Every structure is written in C-alpha cells, then in structure tokens.
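Have a look at the structure below before the remarks.
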Amino acid sequence: MTALRHSYSCGCFYTDNIFIQEFHVHVRYTGELQFRRDYERLLSSRGCRTSEQFRNVLEMIKMEVERRRKLGEESLHRRTEISLHYKPLYPEVYLLQESFLAAEFLAAVRYSKSPQANIEGLLHHLHSIPDKRIYRLPVFIPEFCAKLVEELENFERSDLPKGRPNTMNNYGILLNELGFVDELTAPLCEKYIQPLTSLLYPDWGGGCLDSHRAFVVKYALQEDLDLSCHYDNAEVTLNISLGKEFIDGNLYFSDMKEVPVNERTYVEVEHVTGQGILHRGQHVHGALPITSGERWNLILWMRASHVRNKCCPMCDREPVLVKTLGDGDGFTSVGEEREQMVDVCTLT
C-alpha cells in the first residue's frame, strides 16, 4: 500500500457518527436545532431527560467535533514528541519479520499467491463463519504477541502524549504515532494480507487496498469492558487478538449495515491470542464484555480509494473531500487517481 501524496477525509467526518457513550447511540450534528429535532425524543427514551443532561450531551458533541477538526495537527505533534523522546523496550518488534508470523498464516499466503489459487482452495486454510464471509486464522506467534504487548505497556507508562483510537475506545494506542506503520503494519498489509483479501473480498476492493489505519485497543476491568454495535471506516478489517489472559469478550456480528435491524441475525466469534478475524468493514459488529483479565487487540482498517472515492462508507454519499494534515481516511482526489499509471483493481 503506497503512501498517498495528499490526505483527505470526507466532510461527514466532522458531522456524522458521533458516539454518545452514556446513551449508546451514534448521532449526526450540524447544529443545535437539527440535533434537538432529530435526537431529543430518542435520547429521552434512553434516559436523557433533564435539561442539564441534554446540555452535557451537547457540550460533549461540540468537544468531539473540535477534537476531530484538530486531529491531524495534534496527531502530528504527538508523533514528533514520541519520535524524539520515547525509547522502545523492544526495537525489533517495529520491523516485520516472517519469524513473527504463524506457519498457518504463511501457508495461506503462499497458496493465495500461487497460480492455481482460488477461494475454494483458500478456505481450506481458514476457519469460515457460514454465510457471513467472516474468516479466522492464526496470524502471529504467541511470543511476538507477548513482546508487542510489553512494548505497548511500556509506552503507556511513559508521560508522553497519547491519542485515543476513536470515540468508542477510550483505551488504546494509535500505531502510526508510535512508529509501527512503515515497517510493521504496512508490509503486513501489502505482502501478506492483500493476497488473502484479493480472493476473499474482490467485490470490496480486496485486491486494491492502498492505505490503512492501525491501532490497538485495550479492554480491562475498570476500563473499557465492551464495544457497542458499529461498523468500521474500512473496506476490510483485520482484528488480531494479542492477549493477555482474559475471560469472555467475544466479538459478535450481525449483518451488513443496510440490513434492517429487525431482520439481522447474530453470531459470536471467539478471540484466540495470535489469531485474526477478517471481515468486511461495513459488517455490523461489537464486542461482548470481558469478565476478568485484560485483552489487547490490533485493528487494521484497510481502505481502497478506488471504492471509497465513489461512495463514502460512513455517509453512503459521494465523498466531499476535505484536505487534512496527517494520514486522512484513504480518499484520493480525481487528479491523483488519473496520475496512477495502472489501476491495480483491474489486475485482480
């Protein structure tokens, strides 16, 4: 996945999919009158009944919108501070080596790159969830998972600035700010994951993924226990369990986001340390609460500009591109698309 020359988000990033954790609802905010008209009754039904509660919700939303507006600038500042002052505990975990990868994963990748590869053959290398297009397979060896978690805990103990992954996860680490992307997650996506997604999700840009967002989330007692139902800002997502010791906390999946709520069916998928769960980003899912221990997960939101440039996955409209500092959300401008000599999507 080559780096994009410019970074863009869709304008909906600054108005849509704002999560109000206290009342477990995603909202859109363009102004107070619109918000009251669209959500006052819904919030009241969920316990937001006093004027003070409603004012607190409005204040939280305005703070979140402002955070998003400053996100690129502040992320670049944190990245600079970390690169100057953080001393890694295990420098070797920042550089991907095949010895980190499970034998079963490498076998699946080798098959996917072979001339005779097809989805039927690949499924022999994966655990498939019937009718859901969800797949699980070992990715990392346990020793690498343990070292990576120790590295992340070491950073957590530092007094350096830390950004949270998103509005739904209060505990976690943005891996681009810590320096993991260029030599760990980018080659993992490009060399190893994309051969799999090319076969599994050709209709979702699986063969032309050209950017990604990498972060780690943490679940523990007295911190985040679970994750409410949502879908991802990604064409394809890989969720890898890194450990540590934990009980419960399975992922649950329903259907794609366009399926009406009353028609959705649900399935649980168990987290196993070192194993990854592949799914389409628009597949509605969540995480059940852990009941003891601590769980760390590495999340890769993989994007295909060829797909999302036509329709933003978060607002289901043609994206209104807003140039941003930092990494953006995987969109490219029309001019940049024309500059590409070969459209890799046509090669799969």
Side-chain angles (χ1 to χ4, degrees), residues 7-75 78 162-174 177 213 215 217-219 223-235 237 254 256-258 261 281-287 299 301 303 308 311-331:
S7 297
Y8 299 93
S9 292
C10 178
C12 74
F13 178 66
Y14 305 100
T15 58
D16 293 16
N17 291 291
I18 299 170
F19 185 62
I20 305 175
Q21 193 153 26
E22 183 178 358
F23 302 108
H24 295 278
V25 63
H26 286 88
V27 300
R28 183 170 190 265
Y29 180 84
T30 59
E32 187 170 336
L33 287 177
Q34 166 268 327
F35 184 75
R36 286 185 178 276
R37 181 186 68 244
D38 293 347
Y39 298 106
E40 195 164 24
R41 182 175 297 179
L42 172 63
L43 288 171
S44 178
S45 71
R46 298 195 174 198
C48 181
R49 298 190 177 94
T50 69
S51 57
E52 181 180 5
Q53 284 178 304
F54 198 83
R55 281 196 304 271
N56 289 340
V57 167
L58 281 173
E59 185 61 27
M60 183 279 295
I61 290 172
K62 291 174 183 177
M63 289 174 61
E64 172 58 21
V65 171
E66 185 63 16
R67 184 192 75 86
R68 294 184 183 194
R69 293 190 183 281
K70 295 180 178 179
L71 185 62
E73 178 183 352
E74 293 185 348
S75 181
R78 289 192 297 266
K162 302 168 182 70
R164 59 179 173 143
N166 51 63
T167 58
M168 300 184 73
N169 293 103
N170 297 304
Y171 299 89
I173 295 170
L174 297 167
E177 295 183 359
R213 176 178 170 85
F215 56 95
V217 294
K218 176 189 175 187
Y219 298 91
E223 297 182 3
D224 286 339
L225 290 175
D226 57 13
L227 186 62
S228 295
C229 218
H230 67 286
Y231 52 89
D232 299 336
N233 189 354
E235 274 64 66
T237 295
S254 61
M256 300 300 283
K257 67 179 183 181
E258 63 269 15
V261 173
Q282 304 303 289
H283 202 146
V284 177
H285 60 286
I299 313 296
W301 284 356
R303 280 90 176 252
R308 63 182 40 227
C311 181
C312 170
M314 302 308 288
C315 65
D316 293 326
R317 298 186 293 269
E318 183 178 349
V320 176
L321 297 185
V322 178
K323 191 174 289 189
T324 65
L325 294 172
D327 296 324
D329 287 315
F331 299 95

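Counting begins at 1 with the first residue of the sequence. Remember, it's a predicted structure, so these values are computed and weren't measured experimentally.
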> For Arg37, does the CZ atom sit with more than 12 other heavy atoms under 6.0 Å from it, leaving out its own atoms?
Replying inline: yes

> At their closest point, which heavy atom of Glu235 faces which heavy atom of Pro313, and how far apart are they?
Replying inline: OE2-CG, 4.1 Å

> Can Arg213 and Asp327 be said to form a salt bridge (Lys or Arg N to Asp or Glu O under 4.0 Å), step by step?
Replying inline: CA-CA 8 Å; Arg213 176 178 170 85; Asp327 296 324; over 6 Å; no

>> Would you compute the distance between atom NZ of Lys162 and atom CD of Glu177 and round it to the nearest 0.5 angstrom?
In response: 11.0 Å

> Is the number of heavy atoms from other residues, nucleotides or ligands under 6.0 Å of Glu318 CD greater than 12?
Replying inline: no

> Got a salt bridge between Glu52 and Arg55, using NZ or NE/NH1/NH2 to carboxylate O under 4.0 Å?
Replying inline: no

> For Glu73, does the CD atom sit with more than 12 other heavy atoms under 6.0 Å from it, leaving out its own atoms?
Replying inline: no

>> Could you tell me if the side chain of Arg317 sits less than 4.5 Å from the side chain of Asp16, heavy atoms only?
In response: yes

>> Exactly one of His283, His24, His285 should register a ring pair (Phe, Tyr, Trp, His ring centres under 6.0 Å) with His230. Which one does?
In response: His285

> What pair of heavy atoms forms the shortest contact from Cys312 to Pro319, and how long is it?
Replying inline: N-CD, 3.9 Å

> How long is the gap from CD on Glu22 to CD on Gln53, to the nearest 0.5 Å?
Replying inline: 6.0 Å

>> Under the criterion salt bridge (Lys or Arg N to Asp or Glu O under 4.0 Å), I'd like the reasoning laid out for Lys62 against Glu59: C-alpha separation, chi angles, the key distance, then a yes or no.
In response: CA-CA 5 Å; Lys62 291 174 183 177; Glu59 185 61 27; 5.5 Å; no

> Step by step, would you call Asp316 with Lys257 a salt bridge (Lys or Arg N to Asp or Glu O under 4.0 Å)?
Replying inline: CA-CA 11 Å; Asp316 293 326; Lys257 67 179 183 181; 2.9 Å; yes

> Taking only residues two or more places apart in sequence or in another chain, which ones pass side chain to side chain donor-acceptor pair (under 3.5 Å) with Glu74?
Replying inline: none

>> Parallel, tilted or perpendicular: which one describes the rings of Phe19 and His26, with boundaries at 30° and 60°?
In response: tilted

>> Test side-chain contact (heavy atoms from CB on, under 4.5 Å) on Leu174 and Arg78; report intermediate values, then the result.
In response: CA-CA 10 Å; Leu174 297 167; Arg78 289 192 297 266; 4.0 Å; yes

> Which atom pair, heavy atoms only, marks the closest approach of Pro165 to Ile173?
Replying inline: CG-N, 4.1 Å

>> Could you check whether Arg68 makes a cation-pi contact with Tyr14, meaning its NZ or CZ is under 6.0 Å from the centre of the six-membered ring and within 45° of the ring axis?
In response: no

>> Quick check: closest heavy atoms across Tyr29 and Phe35, and the distance to 0.1 Å?
In response: CD1-CB, 3.8 Å

> OG/Ser51 to CG/Asn56 distance, rounded to the nearest 0.5 angstrom?
Replying inline: 9.5 Å

>> Between Tyr39 and Val57, does the side-chain contact (heavy atoms from CB on, under 4.5 Å) criterion hold? Intermediate values first, please.
In response: CA-CA 11 Å; Tyr39 298 106; Val57 167; over 6 Å; no

>> Could you report the tightest heavy-atom contact between Cys12 and Met314, atom names first, then the distance?
In response: SG-CB, 4.1 Å

> Do you know which two heavy atoms are closest between Ala287 and Tyr219, and how far apart they sit?
Replying inline: CB-OH, 4.4 Å

> Roughly how far apart are Arg67 CZ and Glu64 CD, rounded to 0.5 Å?
Replying inline: 4.0 Å

> Can you tell if the side chain of Leu43 reaches within under 4.5 Å of the side chain of Ile20, non-hydrogen atoms only?
Replying inline: yes

>> Can you tell me how far apart CZ (Arg28) and SG (Cys315) are? Round to the nearest 0.5 Å.
In response: 8.5 Å

> Could you walk me through whether Phe331 and Thr324 pass the side-chain contact (heavy atoms from CB on, under 4.5 Å) check?
Replying inline: CA-CA 11 Å; Phe331 299 95; Thr324 65; over 6 Å; no

> Looking only at atom types and distance, does a side-chain atom of Ser45 sit under 3.5 Å from a main-chain N or O of Leu42, one as donor and one as acceptor?
Replying inline: yes

>> I'd like to know whether Phe13 forms a side-chain contact (heavy atoms from CB on, under 4.5 Å) with Asp329, so could you lay out the CA-CA distance, the side-chain angles of the two residues, the decisive distance to 0.1 Å, and finally the verdict.
In response: CA-CA 9 Å; Phe13 178 66; Asp329 287 315; 4.2 Å; yes

> Say you draw a straight line from CZ of Arg308 to OH of Tyr8; how long is it, rounded to the nearest 0.5 Å?
Replying inline: 15.0 Å

> If only atom types and distance count, is the side chain of Ser9 paired as donor or acceptor with the main-chain N or O of Val322 below 3.5 Å?
Replying inline: no

